[in-house]
Amino acid sequence: MITVDGLTKRYGSTVAVDNLSFSVEPGVVTGFLGPNGSGKSTTMRCMIGLDRMQAGRALFDGKPYSSLRNPLHEVGALLDAGNAHSGRTARNHLRWMAASNGLPAKRVDEVLDIVGLQQVAKKRVGQFSLGMKQRLGIASVLLGDPRVVILDEPANGLDPEGIRWIREMLKHLASQGRAVLVSSHLLSEMALIADELVVIGKGRLIEQCTVDQFISRHARKWVVVRSPQLGTLVDVARAKGMQVATNETTAEFHGVESEIIGELAAANGVVLHELSTQTGSLEDAFLEVTATSVEYHGQSEAAK
Amino acid sequence: MIATIRSEWIKLRSVRSNVTTTIVAVVIPLAITLLSVTFMRTSGIGENTLSDFVLGTGSIAVLLIGVIGVLCITQEYSQGTIRLTLAATPKRTRVYLAKFVVMALVGALVTGFIILASTTVGSIILESRDVSGPHTGPDSGSAFVAMILMGSLVALLGMAIGTLTRNPPSAITTLVLWPLLVEGIVGALLSLAFEDNVTRWMPFQTGLNSMFAELPEGGFGRWGSLGYFAAWVLLVTVIAERGLKRRDA
């Protein structure tokens, strides 16, 4: 499992990551969610020791990354699939990585097989499509059979087939008991992949919870009603102080449960043709939450 | 450490541009020597001629080898693989040391091969032109050893400069302009001010001088010159290694 505790990273006077703490459990996919520029990639670079954090720590099963003797056996990280020499073949790209952690060349052929690149193992990476580079990146993550997997925006720029492949690979890795942390700003994608969410905005933790909790807590809910006596029901509801938006055939009741509306209709003898609860998407929830964090940031800037 | 060295060796030989640069670094000095002994008037050929030609190409050879040193680190930054390297081996000093060992060996071996090929094929050419031996001068042995060590040192200097600039064009420019331009200008200015032979304090020029069969007057001698240059290479190396450890990748 991963424990991030009070991670802080500043570039000059700009605070990129601000006292960020979260944990990533084994056996589930944890989505690392935030708008562009919110500090997801910086956090990941700090976690694996590429960038130096000014405060805090990131532990992998209790140990900092820098203390791992052969880190590829413990942590597989893919920050950018483009980080491969375009003049090197796929096989040689994996071979130097394997050699650095004492892994045999046989393991390289195994992971090429797992990601389905064995046919193009001797082709240079420069000739690869984005999807193939992403597969090569996943192969490099799998090299040391690590218990922790970290991926930064793995679905970025992929076609639907590639996205589905990544999604299934991540679920498969988590089902084997690995801790999987995957960042994205694609919220709809996150809803499909992730079980847990770590949501950040402007380098600060907004929330860590499950996907369902996040939606129910933040997504807007409303009740839609269709009725031949719509006007009556709306008048009664408004008299009780409810917020109602109407159009020709339906009315939307905000801030109430469907039971209340149903009982209200029955008490007033109103016939209902439809009574349903609508939930905003994860996208809506996310935009709402991060919009707040942006405003908050703006205020704190103004306060200086 | 052995694993890191193996990894660095695989990196170096698995990129075609590195191999091409190495071939160019061998072929250019070799061709100059062989063309010279092929077309030179027989009357002008003495017993030092072949070794003088080989040593004369030394400056070009070691600078081209320095480019390999530059590439071995700057291509990691230009292609983004430095992040994979440092993620696979978080001990950055170990990464630098592994590259250091590989480049020192490559620099020495490539220079040694240039000397061996040039003298062997050069002698055959001279024999076929009915010029009897010996073709290499009596002092050429120690000069060849100095040239091999210069091959290592300039490769390491290229790598250190590359680590500092992180980008191939600026590192190669620095490496080439240092001996050709900077030391020339600084040396000329200093010699206006001081009567003493100040140009010997120019590190690169002094290092290159160690490869001459006949050493220039007023210098540090062959091994002294080499040692002086090595001290500068070590200085830049220490700065580069500290930079690699300190800076974000």
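In what follows, every chain begins at residue 1, and chains take the letters A, B, ... in the order their sequences are listed.
Between chain B and the options A:A98, A:P71, A:S140, A:C46, heavy-atom pairs under 4.5 Å are most frequent for A:P71. Contact count against chain B (heavy-atom pairs under 4.5 Å) is highest for A:A99 among A:A99, A:G87, A:G49. The candidate from A:G144, A:A84, A:G102 with the greatest count of non-hydrogen atom pairs under 4.5 Å with chain B is A:A84. Ranked by heavy-atom pairs under 4.5 Å with chain A, the first of B:R6, B:R246, B:R247, B:E8 is B:R246. If you tally non-hydrogen atom pairs under 4.5 Å between each of B:N18, B:I2, B:T4, B:I10 and chain A, the highest count goes to B:I10.
Residues A:E168 and A:K171 are not paired through a salt bridge, judged by the lack of any N-O separation under 4.0 Å between the basic side chain and the carboxylate. In this structure, A:E74 does not pair ionically with A:R69, as no charged nitrogen and carboxylate oxygen lie closer than 4.0 Å. Classification of A:K40 and A:E153 as a salt-bridged pair holds, one side-chain N sitting under 4.0 Å from a carboxylate O. Note on A:R91 versus A:D109: salt bridge recorded, some NZ/NE/NH1/NH2 to OD/OE distance being below 4.0 Å.
There is no contact between A:L143 and chain B, counting heavy-atom distances below 4.5 Å. Heavy-atom distances place the side chain of A:L72, and not its backbone, under 4.5 Å from chain B. Contact of B:S78 with chain A is not made at all, since no heavy-atom distance falls under 4.5 Å. Proximity to chain A is limited to the side chain of B:R92, based on heavy atoms less than 4.5 angstrom apart.
Within 6.0 Å of the OH atom in B:Y77, the count of heavy atoms belonging to other residues, nucleotides or ligands exceeds 12.
Across B:R166, B:R83, B:K99, a single residue satisfies salt bridge (charged side-chain N to carboxylate O under 4.0 Å, His left out) together with B:E76, and that is B:K99.
By the 6.0 Å and 45° rule, A:K9 stacks over the aromatic ring of A:Y11.
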